[in-house]
Amino acid sequence: MVNFHPSREFWESSLEMPVSSLLKDFQNPILCEGWLNSLSGRQLTVIFLHLFKDQQNAQLFKEHELWKHDDIPTQQKRKMLTDVSESLLNYYLVSRFSNSKSELAITEVAKPVLNSELYLLQNNKYDRKSLLFTLFITDPNLLKQIFHFNKVQKKSFSPFILKNPPRQRSTSFKDFLSDSVLQEILTHHDLSRDDGFTSQFQGFFHHQDRIYLFIRRASDSDLILNSNQVVHGYKPDRIILDFALNANQVNLCTKNVNHGLNIASSIVSQYFEYECSFVDVHNHNAVAQVRTFISSCVQKSIPNVSMYELRFLSSKPRTYLTLTTDNIEGVLQKIEPVVGSVLRDISLIQHVKVMFESKKVTLSFQANIHDPNYIAINYSEHVLNKKEREDFKSLFKNIYGLTILSKAKSSYLQANSY
């Protein structure tokens, strides 16, 4: 009998893993043995200790029960686990779950629960599978948090602020949120949309002064091939709401901005007991502020930010020039008699590339066609993880009063009105 812990639905629905095909692989002796052989000594030990401490499984190892586990060689542990491989299905699923999960998502969830420093390897990387095995043993639901937080790390978000925010309530927004409250709000949302789809609330968690809510809803129709059969269905829209603790601001990730905004507005309206709505944060910045930022970049006076490329439109001759050097200020001074002052007319600048946290980030500039006194700034967020993105945006906001958006979300907001 196949024993899924905590349930098959947990793996198949909550973690969206193809359980049937993975089970078939696990039941293949050659593939299962290959998986066990791929595990390191540390990873084997985590599994071994958990099985050995279990009273029922301990009987399987009774001839070794007087041994200290540290005295058992790795290859002996591997052989002993191979002998009880039918008990390892859930660890096999955890191992496969680790694929494509970011180290940051795993360690951020792990830090409040266990000492993640114990899982550091010599290359200063974490032993992700050992961490995941341990977290699964501690509480399988921690894998759900990693599944969701991994999406937070990799997705683009659009920022929105509450229009005319009411006075704060005595009950915190965090305490107001609950499964029952959110499910009720989603039910009302589905009835109002009347499209036959059901919004599935998948969970929420609090992390670094933010509250993340995860919702899954059907969107575009599609089909998949299952063996020789065609299965018709719908693609999932994974709606992520990243709220400030006071509920006055939300970062939104969704295919359908209208759905996401309606749900976010409904949540805060019920919290404040007042009709509320969110409006997008315009990423239009005053020319003078942008000029100050670029000048500081050129002069290398911004901590942790180093410009190494500047692309601009030269009027003499009228063509785009790209400067790639660690001394952009010196080059600009030399070519100024020919091309003019780039810093004086920053509307000529198309993009700059900077180093931030040892990563290359591109900043693109676009003049406001309705008001030349304002410029939009977009950045290539995909190279940064969640924390680095927030630090990068905070640097612009706190020091220069500038608002920047990811390129993907900026393009989407320009093309859609809501």
Side-chain angles (χ1 to χ4, degrees), residues 1-101 103 105-107 109-110 113-114 116 118-121 125-147 150 226-227:
M1 180 179 177
V2 178
N3 181 23
F4 291 100
H5 178 70
S7 67
R8 179 169 184 144
E9 182 184 14
F10 170 81
W11 297 101
E12 207 156 41
S13 179
S14 297
L15 301 186
E16 299 182 357
M17 296 181 66
V19 169
S20 294
S21 61
L22 292 177
L23 177 60
K24 184 177 179 181
D25 291 344
F26 177 75
Q27 291 174 334
N28 182 320
I30 296 176
L31 294 179
C32 185
E33 182 181 0
W35 165 66
L36 272 172
N37 289 336
S38 72
L39 299 180
S40 69
R42 183 202 299 254
Q43 294 160 4
L44 288 168
T45 297
V46 174
I47 300 174
F48 185 86
L49 285 178
H50 183 240
L51 289 178
F52 195 89
K53 288 179 180 178
D54 184 276
Q55 289 186 355
Q56 180 178 353
N57 287 320
Q59 298 302 313
L60 300 171
F61 306 135
K62 58 185 178 181
E63 62 185 275
H64 302 285
E65 59 189 2
L66 297 178
W67 292 19
K68 293 182 178 180
H69 69 82
D70 289 337
D71 295 334
I72 304 177
T74 296
Q75 290 306 317
Q76 180 67 12
K77 290 178 184 176
R78 200 184 307 275
K79 182 180 182 304
M80 293 167 69
L81 290 175
T82 301
D83 292 340
V84 294
S85 59
E86 67 277 2
S87 305
L88 305 180
L89 171 61
N90 295 297
Y91 295 102
Y92 177 74
L93 294 176
V94 173
S95 185
R96 294 298 296 268
F97 171 79
S98 69
N99 295 343
S100 75
K101 300 301 182 293
E103 181 179 282
I106 296 171
T107 55
V109 173
V113 181
L114 47 85
S116 57
L118 296 176
Y119 297 83
L120 268 176
L121 302 173
K125 296 287 186 179
Y126 286 90
D127 186 338
R128 298 191 306 164
K129 287 184 181 178
S130 290
L131 269 173
L132 287 171
F133 290 151
T134 306
L135 291 172
F136 173 72
I137 292 167
T138 304
D139 180 2
N141 285 315
L142 292 170
L143 298 193
K144 289 174 63 174
Q145 292 192 19
I146 293 170
F147 175 76
N150 185 65
N226 183 11
S227 185

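Just the heavy atoms: all of them, side chains too, but no hydrogens, waters or symmetry mates, feed the values below.
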* To do: Show the numbers, then the answer: is there a side-chain contact (heavy atoms from CB on, under 4.5 Å) between I137 and Y91?
  => CA-CA 9 Å; I137 292 167; Y91 295 102; 3.9 Å; yes

* Apply side-chain contact (heavy atoms from CB on, under 4.5 Å) to E103 and list each qualifying residue two or more places apart in sequence or on a separate chain. => T107, K125, Y126, R128

* Evaluate the side-chain proximity of L89 to L22: yes if any heavy-atom separation is below 4.5 Å, no if none is. => no

* **N/O donor-acceptor pair under 3.5 Å between Q76 side chain and P73 backbone** => no

* F136: what forms a ring-ring contact (aromatic ring centres under 6.0 Å, His included) with it, not counting sequence neighbours? -> H5, W11

* To do: Check the pair T45, I72 against side-chain contact (heavy atoms from CB on, under 4.5 Å), reporting the backbone distance first and the verdict last.
  => CA-CA 10 Å; T45 297; I72 304 177; over 6 Å; no

* **Stepwise side-chain contact (heavy atoms from CB on, under 4.5 Å) check, L143 with L132** => CA-CA 8 Å; L143 298 193; L132 287 171; 3.8 Å; yes

* To do: Flag yes if more than 12 heavy atoms outside E16 fall under 6.0 Å of its CD atom; otherwise flag no.
  => yes

* Asked: Looking at CD1 of I106 and NZ of K101, how far apart are the two atoms once the value is rounded to the nearest 0.5 Å?
  -> 8.5 Å

* With sequence neighbours left out, which residue pairs that include part of residues 129-146 fulfil the side-chain hydrogen bond (donor to acceptor under 3.5 Å, both in side chains) condition? -> S95-K129, Y119-T134, D127-S130

* Asked: Who pairs with Y92 by ring-ring contact (aromatic ring centres under 6.0 Å, His included), at least two apart in sequence or on another chain?
  -> F26, W35

* **For L36, side-chain contact (heavy atoms from CB on, under 4.5 Å) partners two or more places apart** => L39, L44, L81, T82, L88

* Asked: Out of curiosity, R8 CZ to L93 CG, how far, rounded to the nearest 0.5 Å?
  -> 10.0 Å

* Identify, with sequence neighbours excluded, every residue that meets side-chain contact (heavy atoms from CB on, under 4.5 Å) alongside N99. => R96

* Start with the C-alpha distance between K24 and L31, add both sets of side-chain angles, then the distance that settles side-chain contact (heavy atoms from CB on, under 4.5 Å), and finish with yes or no. => CA-CA 10 Å; K24 184 177 179 181; L31 294 179; over 6 Å; no

